[in-house]
Amino acid sequence: MKLRVIIISLTSVVYLTSCHDLNLNPLSKGSTETWYSNVNEIKMSVDELYRMDFWNKDISEYSGEYGSDDWCYRETLSDFEKATLNGQNGIVQNLWNFQYKDIARANSVIQKADRAIKNGASESVIANYVAEARFHRACAYSKLLFRFGDVPLIENDLSIEEGMKKGRTEKTKVLKFIYDEFDAAASVLPEKYNMEQRATKGAALAMKARIATFMGDWNTAAEAAKAVIDLNIYKLHPSYSDLFLQNTKQSDEFIFLIPRSLDYSGYYIGENQVRGELIRNAGGWASTDPSWDLFASYVCTDGLPIDESPLFDSHDPFKNRDPRLSMTIVPFGSEFLGYEYSPHPDDVMIMNYKTGKEVKNNDNRANAQFASYNGLVWKKGIDDSWLENGNKIAPNLIVIRYADVLLMYAEAKIELNQIDQSALDAMNAVRARAYGVDKSETDKYPEFTNVGQEKLRVQLRTERRMEFAKEAMRYSDLVRWKLSEIVMKRKSYGMLYPTSLLVEQVTSKGDWFWPFAPDIDENGLPDFTKLESAGKISVLAERRWDNRQYLWPIPTNEILINENMKQNPGY
């Protein structure tokens, strides 16, 4: 009865209000009826599209690679790793909601920008802002399309009633719309801005290449990526490791990014995420760590996988490996954040290089049960600045960088079976940078050569894994390559525990870190079955996979309120 009274009361208020000609839009206030009337209002509206809410990566940028085989969180699995994903999952709901908010705001700019022109604003200036809005709208639809498949295509403002009846649009139509939007944006946007980080011609072309790559449209991917390369304004950053640090705010490798700053609330990464990656000796938790799958995937300096290369030493597993390994994962016995890092059970004391004295090793499970369960901790992007400002950090959110364009171009050429020198050059440029040399210095790094489509495909995929570790790319790559059904059914492994068992079965027998190399299968994926059978390693968790998860579920609330919104199969 109370609910009925409330509903009647609210209805009465709406009815009575509609009987009066109220001035709801005073000239001193902004509203949809009066906004977009000058350049400043248009710029403010476009600036809003760069909000972090719209650009936070859907599969965790920090805390490893949530939902992939590149990370582990002790013995815990996510919904993605348990195959229990559903329409009430927070990541699913947030991606859907925020992208449609982004689309709605971009639509308003695009439709109403002519108000400013009628009021005397420069047509070219307004056209540039409209192009930015079209770029953002295309990016939002790209994320939705790849995750959900068919999605509602909304190009204009909708009433609540229209929105409640809107069904899903076939993905080929949505993809064409995305391509057209990126093309339109690229035809207007400048190649560069002075000191501002905004969408550019190169960003539009690069993001077009990305969605084309994700959708397996190799001709479009190759064409768009080549267009970015031909702009001749991007190049790889000299230092791979420095590229991801907080103080690297400008680089010719950045194509599109969202700047972060500690000065703005929400535009930084908070203490909990930071401490999850920091070593325990430096005050962190070391709870979200690189996986052994990732660790074993880095090739040796001869370019061969670890189960084939004579250079691999399972007792010194960082030795003779691709340089990006030691830039991504902290090598055993090295100095990191002022401390010696060692997960070896005998190393109960380690050096504090800040004081020059030995201290208790809190990154050793002999001392601390919750130290890294597999002995690995992240290094990529982490430096002493992580220990400042209450463990809050503000590195750039890199959306896309030039290395990705090069590898997308190479992948497209491989999949088209058009393997030529340009494709090999693109791959070699990325790998040579890791070694700190130019691609022409082929005696200083393992050069890619044309070994045929099948082998080169595996090499390209491994190169992507090494290059983009911890950048929230692995999940998407696994999905589009249809490899999730393989890797996400494999177990997550770590060191034996308790420590007495590790000593008894491994270190006392001279089998630290591993007694032998795990197998690398035909897809370039590590297989630890033999190590497990030998009793040398521990199973941390058993992942699960259901092929329905190649597409995410439509959020449950969308299904409940809209009879025309159909759910994806299996949910």
Side-chain angles (χ1 to χ4, degrees), residues 10 13-14 17-56 94-144 151-166 177-178 180-182 184-190 193-194 196-200 203-204 256 258-259 261 263-267:
L10 288 173
V13 169
V14 172
T17 302
S18 66
C19 296
H20 296 274
D21 184 17
L22 300 179
N23 180 13
L24 299 179
N25 300 317
L27 295 179
S28 61
K29 302 289 186 180
S31 77
T32 55
E33 300 302 319
T34 62
W35 197 250
Y36 312 106
S37 60
N38 57 55
V39 171
N40 286 338
E41 291 175 357
I42 298 293
K43 182 180 185 301
M44 289 172 65
S45 300
V46 172
D47 288 349
E48 182 73 4
L49 303 178
Y50 292 87
R51 277 182 56 187
M52 196 62 65
D53 288 338
F54 301 145
W55 287 100
N56 272 330
N94 285 339
L95 179 69
W96 180 280
N97 292 337
F98 280 123
Q99 296 316 305
Y100 273 111
K101 284 182 182 178
D102 194 18
I103 289 165
R105 295 180 187 190
N107 283 345
S108 290
V109 172
I110 294 164
Q111 293 166 28
K112 301 178 175 73
D114 61 344
R115 293 180 186 173
I117 296 175
K118 291 177 181 178
N119 288 335
S122 165
E123 290 190 23
S124 62
V125 170
I126 298 302
N128 196 84
Y129 285 128
V130 169
E132 281 189 73
R134 297 183 77 170
F135 166 84
H136 285 270
R137 183 167 67 174
C139 288
Y141 273 118
S142 295
K143 297 175 203 173
L144 292 166
V151 293
L153 180 59
I154 302 169
E155 302 177 55
N156 304 298
D157 289 344
L158 297 181
S159 67
I160 293 176
E161 293 75 17
E162 290 171 328
M164 296 279 281
K165 297 178 181 179
K166 185 72 174 177
F177 176 80
I178 291 169
D180 290 345
E181 289 293 277
F182 280 135
S187 69
V188 175
L189 292 172
Y193 288 92
N194 291 325
E196 282 192 291
Q197 301 284 358
R198 305 185 74 89
T200 61
F256 184 68
I258 305 297
S261 173
D263 297 331
Y264 296 96
S265 177
Y267 278 71

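From a predicted model like this one, the values you see are computed outputs, not experimental measurements.
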Practice prompt. Identify the two heavy atoms, one from Ser122 and one from Ser124, that lie closest to each other, and give their separation to 0.1 Å.
Written response: OG-OG, 3.0 Å
Worksheet item: To the nearest 0.5 Å, what is the distance between NZ (Lys143) and CZ (Phe98)?
Response: 11.0 Å
Worksheet item: What's the spacing between Ile258 CD1 and Arg198 CZ if we round to 0.5 Å?
Response: 10.0 Å
Worksheet item: Taking all atoms of both residues into account, what is the closest heavy-atom pair of Ser108 and Tyr36, and its distance?
Response: CB-OH, 3.1 Å
Practice prompt. With rounding to the nearest 0.5 Å, note down the distance linking NZ in Lys165 to OG in Ser159.
Written response: 8.5 Å
Item to complete: Give a yes or no answer on whether the side chain of Gln99 reaches the backbone of Phe54 with a donor-acceptor pair at less than 3.5 Å.
Response: yes
Worksheet entry | Heavy atoms from other residues, nucleotides or ligands near CD of Glu162 exceed 12 (cutoff 6.0 Å) | yes
Worksheet item: Going by heavy atoms in the side chains, are Met44 and Trp35 under 4.5 Å from each other?
Response: yes
Fill in: Straight-line distance of Asp102 CG to Tyr141 OH, nearest 0.5 Å
10.5 Å
Worksheet item: Nearest heavy-atom pair of Ala131 and Ala185: which atoms, and what distance?
Response: O-CB, 3.5 Å
Worksheet item: Any idea which heavy atoms bring Ala121 and Ile126 closest together, and the distance?
Response: CB-CG1, 3.9 Å
Discussion item. For a quick test of reading the model, state the closest non-hydrogen atom pair linking Ala203 to Phe256 and the distance between them.
Written reply: CB-CB, 3.9 Å
Worksheet item: Any side-chain heavy atom of Leu49 sitting closer than 4.5 Å to one from Glu132?
Response: no
Discussion item. Tell me if the OH atom of Tyr193 is crowded by more than 12 foreign heavy atoms within 6.0 Å.
Written reply: yes
Fill in: Heavy-atom check, side chain of Asn128 versus side chain of Pro190, under 4.5 Å
yes
Fill in: Nearest-0.5 Å distance, CZ of residue Arg137 to CD of residue Glu155
6.0 Å
Worksheet item: Among Lys101, Arg105, His136, Lys43, whose side-chain hydrogen bond (donor to acceptor under 3.5 Å, both in side chains) with Glu48 holds?
Response: Arg105
Worksheet item: Between the main-chain N or O of Trp55 and the side-chain N or O of Tyr50, is there a donor-acceptor pair closer than 3.5 Å?
Response: no
Worksheet item: So, Asn119 side chain and Asn38 main chain: donor-acceptor pair closer than 3.5 Å or not?
Response: no
Practice prompt. Check for a donor-acceptor pair, side chain of Tyr267 on one end and backbone N or O of Met52 on the other, with a separation under 3.5 Å.
Written response: yes
Worksheet item: Minimum heavy-atom separation for Val188 to Ala127, with atom names?
Response: CG1-O, 3.7 Å
Fill in: Criterion salt bridge (Lys or Arg N to Asp or Glu O under 4.0 Å) on Asp157 and Lys112, from CA distance to verdict
CA-CA 11 Å; Asp157 289 344; Lys112 301 178 175 73; 2.5 Å; yes
Response to the item:
Between the CG atom in Asn107 and the CZ atom in Arg134, the distance rounded to the nearest 0.5 Å is 11.0 Å
Worksheet entry | 4.5 Å side-chain heavy-atom contact, Leu144 and Ile103 | yes
Worksheet item: Within a strict 4.5 Å, meaning less than it, do heavy atoms of the Phe177 and Phe182 side chains meet?
Response: no
